[in-house]
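Since the structure comes first, as structure tokens, the remarks are kept for the end.
Count residues from 1 along the sequence.
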Amino acid sequence: MTASISPSDLSRQLGQVRRPVLLDVRLEEDYALARLPGSKNNCVFEVAFLDRMGDVAPDKGATICVYGATADSYEARMAAEKLCRIGYTQVLELREGLEGWKSAGLPLEGGGEPAIAERTPPDGWFDVDLSQSHVEWTGRNLLNRHCGRIELKNGKLHLDRGHLVGGEFTLDMRAITCQDLAGDPSNDVLVAHLVSHDFFDVDLYPEARFVITTTERVANAAPGAPNLAIRGELTLKDVSRALEFVASAGLTTEGKAAAQAAFAIDRTQWNVLYGSGKYFRNLAGHLVNDLIELQIRIVAR
């Protein structure tokens, strides 16, 4: 069972002979910068968290107090739940975290605040890194699914002070692959079907193109959530139509622009009609869903 403890009450308990085991469950680099005096580190985000507990606190009957960064960050309560599930019986949570301890004027250990490196945000047009970027597709019918990739031929991203505002991409429709049937004799049959007149007719239309026309930031988007609404025009089989979706966009730790998105398009809007129940009757086992799901990963050089 977990109980919450305030910074002042925890400070008093730490002055007693049988003091709690203090467990900082944040990242190791954050722990090195600032921590409660005498605390041990075991990052709860890592899969080895529970495996390491035997060395960190071998006595499951001892009082353990876990803490994280702030009151609104869940790492401490997650750690407390995990410890209770594997048999620790006296678990305390400093719900206010390191920030609450610091705000109460209590002492800290560590190297202080991290140095903030000044980095000029990228600005202008940047080529897409084709080795790191890809477009994945998934097609379905009632019972089955197939998935694969369409290779990017080239692409550019337009950044304004580090923010994605435009882009242009060309897809090589000849380079369609199927991944779920790799090594199966039916793989070549399916790919030939996709590149033929039935679907993408790549002899006549070897390329597809997507141009970003506008972008708009999603208000109050949490880290990791889609934070950019993208509007553009997709040209496929010489049909150009507007396309809108949301993406997670930002800069990598190396300062490179990157974005990921997952959405679906109705292929029939681009004259890909084979097996569509909107255009054919009595398809039986040849019925194919109109929606194609796309997962896109783009990284700039």
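In this structure, the side chains of Cys84 and Thr2 come closer than 4.5 Å at one or more pairs of heavy atoms. Inter-residue side-chain proximity for Ile292 and Thr138 is flagged as unmet; no heavy-atom pair is nearer than 4.5 Å. By the 4.5 Å heavy-atom criterion applied to side chains, Asp172 and Ile150 are not counted as neighbours. For the pair Arg241/Glu233, no side-chain contact is recorded, criterion being any heavy-atom separation below 4.5 Å from C-beta on. Side-chain atoms of Trp137 and Ile176, non-hydrogen and from C-beta on, do get closer than 4.5 Å to each other. Inter-residue side-chain proximity for Ile64 and Pro20 is flagged as unmet; no heavy-atom pair is nearer than 4.5 Å. Looking at Gln13 and Leu92, their side chains come closer than 4.5 Å, going by heavy atoms from C-beta outward. Annotation: side chain of Leu10 is in contact with side chain of Leu36 (closest heavy-atom distance under 4.5 Å).
Paired with His158 under the rule ring-ring contact (aromatic ring centres under 6.0 Å, His included), one option of Trp125, Phe169, Phe126 passes, and it is Trp125. A salt bridge (Lys or Arg N to Asp or Glu O under 4.0 Å) with Glu168 is found for exactly one of Lys156, Lys153, Arg209, namely Arg209.
With a 6.0 Å radius and a threshold of 12 heavy atoms from other residues, nucleotides or ligands, Asp51 has its CG atom above the threshold. For Tyr74, the OH atom sits in a loose shell: 12 or fewer heavy atoms of surrounding residues, nucleotides or ligands are nearer than 6.0 Å. Atom CD1 of Ile86 has more than 12 neighbouring heavy atoms from other residues, nucleotides or ligands inside a 6.0 Å radius. Atom CD of Glu28 has 12 or fewer neighbouring heavy atoms from other residues, nucleotides or ligands inside a 6.0 Å radius.
For an aromatic pair to be called close, the ring centres must be under 6.0 Å apart, and Tyr274 with His193 satisfies this.
Glu244 places no side-chain N or O within donor-acceptor distance of the main-chain N or O of Ile230, the cut-off being under 3.5 Å. Panel note: side chain Asp160, backbone Gly124; no donor-acceptor pair is recorded below 3.5 Å. Asn227 places no side-chain N or O within 3.5 Å of a backbone atom of Val218 that could act as its donor or acceptor partner. Under a 3.5 Å cut-off, the side chain of Thr252 and the backbone N or O of Lys256 do form a donor-acceptor pair. In this structure, the side chain of Thr213 engages the main chain of Arg231 through a donor-acceptor pair within 3.5 Å. Without hydrogens or angle criteria, Trp101 side chain to Pro107 main chain gives a donor-acceptor distance under 3.5 Å. Listed for the Arg267 side chain is a donor-acceptor partner under 3.5 Å among the backbone atoms of Val272. Although no hydrogens or angles enter the test, the distance criterion places no donor-acceptor pair under 3.5 Å between the side chain of Asn289 and the main chain of Leu291. One N or O on the side chain of Arg35 and one on the backbone of Tyr31 form a donor-acceptor pair closer than 3.5 Å.
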Criterion side-chain contact (heavy atoms from CB on, under 4.5 Å) on Leu159 and Leu164, from CA distance to verdict: CA-CA 5 Å; Leu159 303 182; Leu164 179 61; 4.1 Å; yes

Working for side-chain contact (heavy atoms from CB on, under 4.5 Å), residues Asp201 and Lys237: CA-CA 8 Å; Asp201 203 0; Lys237 295 184 71 175; 4.2 Å; yes

Derivation of the side-chain hydrogen bond (donor to acceptor under 3.5 Å, both in side chains) call for Ser39 and Asp24: CA-CA 6 Å; Ser39 61; Asp24 186 318; 4.8 Å; no

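Checking Tyr205 against Asp238 by side-chain atom types alone, no donor-acceptor pair falls below 3.5 Å. With 3.5 Å as the limit, one finds a donor-acceptor pair spanning the side chains of Arg52 and Asn42.
Between the CZ atom in Phe199 and the CG atom in Leu273 there is a gap of 10.0 Å [rounded to 0.5 Å]. Rounded to the nearest 0.5 Å, atoms OG (Ser133) and CG (Leu152) are 6.5 Å apart.
Between Glu93 and Arg95 there is a salt bridge, with a side-chain nitrogen of the basic residue lying less than 4.0 Å from a carboxylate oxygen of the acidic one. Ion pairing between a basic and an acidic side chain is recognised when a charged N comes within 4.0 Å of a carboxylate O; Asp203 and Arg174 show such pairing.
Scored by the side-chain hydrogen bond (donor to acceptor under 3.5 Å, both in side chains) test, Glu29 finds no partners at all (sequence neighbours excluded). Taking Leu251 as the reference, Pro122, Ala257 meet the side chain to side chain contact (heavy atoms under 4.5 Å, CB included) condition, with sequence neighbours excluded.
Under the salt bridge (charged side-chain N to carboxylate O under 4.0 Å, His left out) criterion, the residue pairs touching residues 277-288 are Asp266-Lys278, Lys278-Asp290, with sequence neighbours excluded.
For the residue pair Tyr88 and Gly54, the shortest heavy atom distance occurs at OH-N, 4.4 Å.
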